[in-house]
Number of protein chains: 2
Amino acid sequence: MPTTGPAPQRKMRADARRNYERLLAAAKDVFAEHGVEASLEEIARRAGVANGTLYSHFPTRQALLEALLRDRMQALSDTARELLDLPSADEALTGWARAAMAHATVYRGLAVSLMSSIQDETSHLHAACQAVLAGGQRILDRAQASGVVRGDVTASDVYALVNAAAWAGEQTSRAQAERLLSFGLEGMRPPVGG
Amino acid sequence: MPTTGPAPQRKMRADARRNYERLLAAAKDVFAEHGVEASLEEIARRAGVANGTLYSHFPTRQALLEALLRDRMQALSDTARELLDLPSADEALTGWARAAMAHATVYRGLAVSLMSSIQDETSHLHAACQAVLAGGQRILDRAQASGVVRGDVTASDVYALVNAAAWAGEQTSRAQAERLLSFGLEGMRPPVGG
DNA sequence: TGCTAAGTTGAGACAGTCTCAATATATTTC
DNA sequence: GAAATATATTGAGACTGTCTCAACTTAGCA
């Protein structure tokens with residue numbers, strides 16, 4: 001069962017709180033350098049802490065990732081809400097897709113985690129991914145109501161497209177990721193003259 | 001520098017040839033069970049051979065993968081040639097994309113290898129991937145000449161789309177992979193009325 | 001039959017994950 | 001402020017995996 005992770009607000013002992021923050025800071029650096037599959041040992045080392053401490057704060061890699069991404073994923077949900085205010089439902093969708101792809105590109109290897117976590121209910125990232133998906137759903141609903149997207153497209157389709165494009169970009173280039181995203185979104189439009 | 005791998009036809013000693021074949025057979029099973037990131041130790045174990053023997057036949061995981069996929073990738077190139085005979089350039093393209101995606105789905109994790117190998121000239125899989133890409137190029141040229149695909153689409157776009165869709169399918173479902181592929185291909189069509 | 005090039009072996013150096021009994025420290029209580 | 005207690009940290013150790021290479025074995029030839 002996924003926990004929310006040790007909420008950083010919880011009454012923690014002062015040293016525990018300090019190590020928690022140090023670990024997050026180290027993880028941020030190490031993930032940025034080596035991607036989300038980086039060595040957890042190195043993160044502990046760089047945080048100046050024994051590896052057992054890392055495991056006691058973050059039982060799994062995904063739990064660490066969740067804590068590290070919490071704010072960012074919250075921001076993505078907020079973005080979805082804001083985009084609903086745009087006059088154009090079409091621009092809201094492409095804007096959301098771009099924002100979601102930018103998010104999935106923050107660390108190398110992140111797209112895999114985001115994609116598998118939406119399926120895996122036991123993942124520490126599951127809830128956050130679902131919130132993102134829910135945001136996408138609202139954006140998509142409006143786009144479909146406006147007739148700019150085919151009715152049979154699902155939020156999962158958009159989510160998969162965004163992450164698949166981000167993944168492709170990791171292997172090749174940012175430009176390639178953007179091209180794939182464009183093709184995919186374009187292909188979701190209703191057939192003309194229908 | 002990528003070698004073609006020990007060509008199985010090379011005058012090898014009988015025991016070497018036998019172990020080579022056993023390793024390939026074991027790799028096929030183990031990759032099928034655990035994906036292309038499976039333990040090489042287990043492959044050697046299952047082939048009834050010391051792990052040093054595996055490394056002497058296949059210096060890298062990619063070299064092993066290349067030997068294992070050689071025939072299949074050759075077949076994909078042949079398929080491209082055959083599809084050029086189809087009356088419909090459109091059907092040839094979708095047919096090729098489906099065949100390429102099926103290929104990328106043979107083992108879990110394969111899409112990553114295919115995608116990174118096309119970029120990495122030192123990969124043992126590079127040449128084979130380039131051959132596949134060349135096949136896609138011919139199919140694409142014809143589709144563009146027939147006006148069923150936009151002129152600015154590249155073979156790399158199609159290659160990336162196919163692998164990205166295959167990757168998404170690994171994380172979710174075969175159906176999702178097919179949907180993504182359809183959206184992408186659809187989005188590569190020329191805008192109507194242009 | 002024996003020689004030699006070719007091939008195989010598996011221990012060992014290394015890096016990583018994860019656990020848990022022993023230890024240390026912060027906080028609470030009196 | 002000292003003792004009691006709850007909370008954290010530590011790092012050795014069990015495990016799995018990658019990859020190398022000196023010592024050994026054997027196939028195939030003369």
Side-chain angles (χ1 to χ4, degrees), chain A residues 3 5-27 29-31 33-67 108-109 112-113 116 122-124, chain B residues 3 5-27 29-31 33-67 108-109 112-113 116 122-124:
Chain A
T3 72
Q9 309 314 356
R10 225 17 170 287
K11 44 183 160 131
M12 290 168 89
R13 242 170 63 170
D15 54 347
R17 163 74 61 94
R18 202 190 56 223
N19 286 336
Y20 181 92
E21 301 297 351
R22 279 186 185 168
L23 282 165
L24 276 188
D29 288 354
V30 175
F31 284 166
E33 279 173 38
H34 305 294
V36 304
E37 293 308 328
S39 159
L40 296 179
E41 246 182 7
E42 177 164 358
I43 292 174
R45 217 179 297 135
R46 215 180 281 197
V49 137
N51 64 9
T53 301
L54 188 155
Y55 285 103
S56 100
H57 281 289
F58 307 103
T60 68
R61 185 182 297 271
Q62 302 257 306
L64 176 53
L65 208 44
E66 190 275 333
R108 205 149 27 86
V112 189
S113 294
S116 63
T122 72
S123 165
H124 288 270
Chain B
T3 71
Q9 309 315 355
R10 222 25 165 285
K11 44 185 160 141
M12 291 168 88
R13 240 170 62 173
D15 54 348
R17 163 74 62 94
R18 201 191 56 223
N19 286 336
Y20 181 92
E21 301 299 349
R22 279 186 186 168
L23 281 164
L24 276 188
D29 288 355
V30 175
F31 284 166
E33 279 173 38
H34 305 295
V36 302
E37 295 307 327
S39 158
L40 296 180
E41 245 181 8
E42 176 163 0
I43 291 173
R45 215 179 298 135
R46 217 180 281 195
V49 138
N51 62 10
T53 300
L54 187 156
Y55 286 102
S56 99
H57 281 290
F58 307 103
T60 67
R61 184 182 296 271
Q62 302 256 308
L64 176 52
L65 210 43
E66 190 275 333
R108 206 150 23 88
V112 189
S113 294
S116 62
T122 73
S123 165
H124 287 270

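FYI, side chains are in, hydrogens and waters are out, and symmetry mates aren't considered; it's all heavy atoms of this structure. Order of the sequence lines sets the chain letters (A, B, ...), proteins ahead of strands, with each chain counted from 1. As the structure is a computational prediction, the values presented were derived from the model and not from experiment.
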Set out, line by line, the N/O atom pairs under 3.5 Å between protein and nucleotides 26-30 of chain C.
{"from": "C:dA26", "atom 1": "O4'", "to": "A:R13", "atom 2": "NE", "distance (Å)": "3.3"}
{"from": "C:dT27", "atom 1": "OP1", "to": "A:A14", "atom 2": "N", "distance (Å)": "3.1"}

Length of the NE2-P vector between B:H57 and C:dA6, whole Å: 14 Å
A:E37: which residues meet the side chain to side chain contact (heavy atoms under 4.5 Å, CB included) condition with it, sequence neighbours left out? A:R61
Identify whether any heavy atom of A:N19 sits under 4.0 Å from a base atom; if not, whether one sits that close to sugar-phosphate; answer base, sugar-phosphate or nothing. sugar-phosphate
Output the rounded distance in Å from OH (B:Y55) to P (C:dG12). 18 Å
Partners meeting side chain to side chain contact (heavy atoms under 4.5 Å, CB included) with B:A16 (sequence neighbours left out): B:M12, B:R13, B:H57
Take atom NZ of B:K11 and atom C1' of C:dA5, then tell me their distance rounded to the nearest Å. 12 Å
Start at the 5' end of DNA chain C and walk down; is the nucleotide closest to A:R61 or to B:A50 reached first? B:A50
Between A:L54 and A:E41, who's closer to the 5' end of DNA chain D by nearest nucleotide? A:L54
Answer whether the closest heavy-atom distance between the side chains of A:H34 and A:S39 falls below 4.5 Å. no
What distance do A:R18 atom CZ and A:L23 atom CG have between them, rounded to the nearest 0.5 Å? 11.0 Å
State which of C:dT8, C:dC18, C:dG16 makes the closest approach to the side chain of B:A16. C:dT8
Under the rule for side chain to side chain contact (heavy atoms under 4.5 Å, CB included), what residues qualify as partners of A:A27, not counting sequence neighbours? A:F31, A:I43, A:L64, A:L68
Side chain to side chain, B:R17 and B:E21, heavy atoms closer than 4.5 Å: yes
Give the minimum heavy-atom separation between A:Y20 and A:A67, together with the two atoms involved. OH-CB, 3.7 Å
Partners meeting side chain to side chain contact (heavy atoms under 4.5 Å, CB included) with A:E33 (sequence neighbours left out): A:R46
Under 4.0 angstrom, heavy atoms only, what part of the nucleic acid is B:S39 near: base, sugar-phosphate, or nothing? sugar-phosphate
Check B:S113 against B:V36 and note the closest heavy-atom contact, atom names and distance. OG-CG2, 4.2 Å
d(NE2, A:H34; P, C:dA15) in whole Å: 14 Å
First and last nucleotide of DNA chain D touching chain B, 5' to 3', heavy-atom cut-off 4.0 Å? D:dG17 to D:dG28
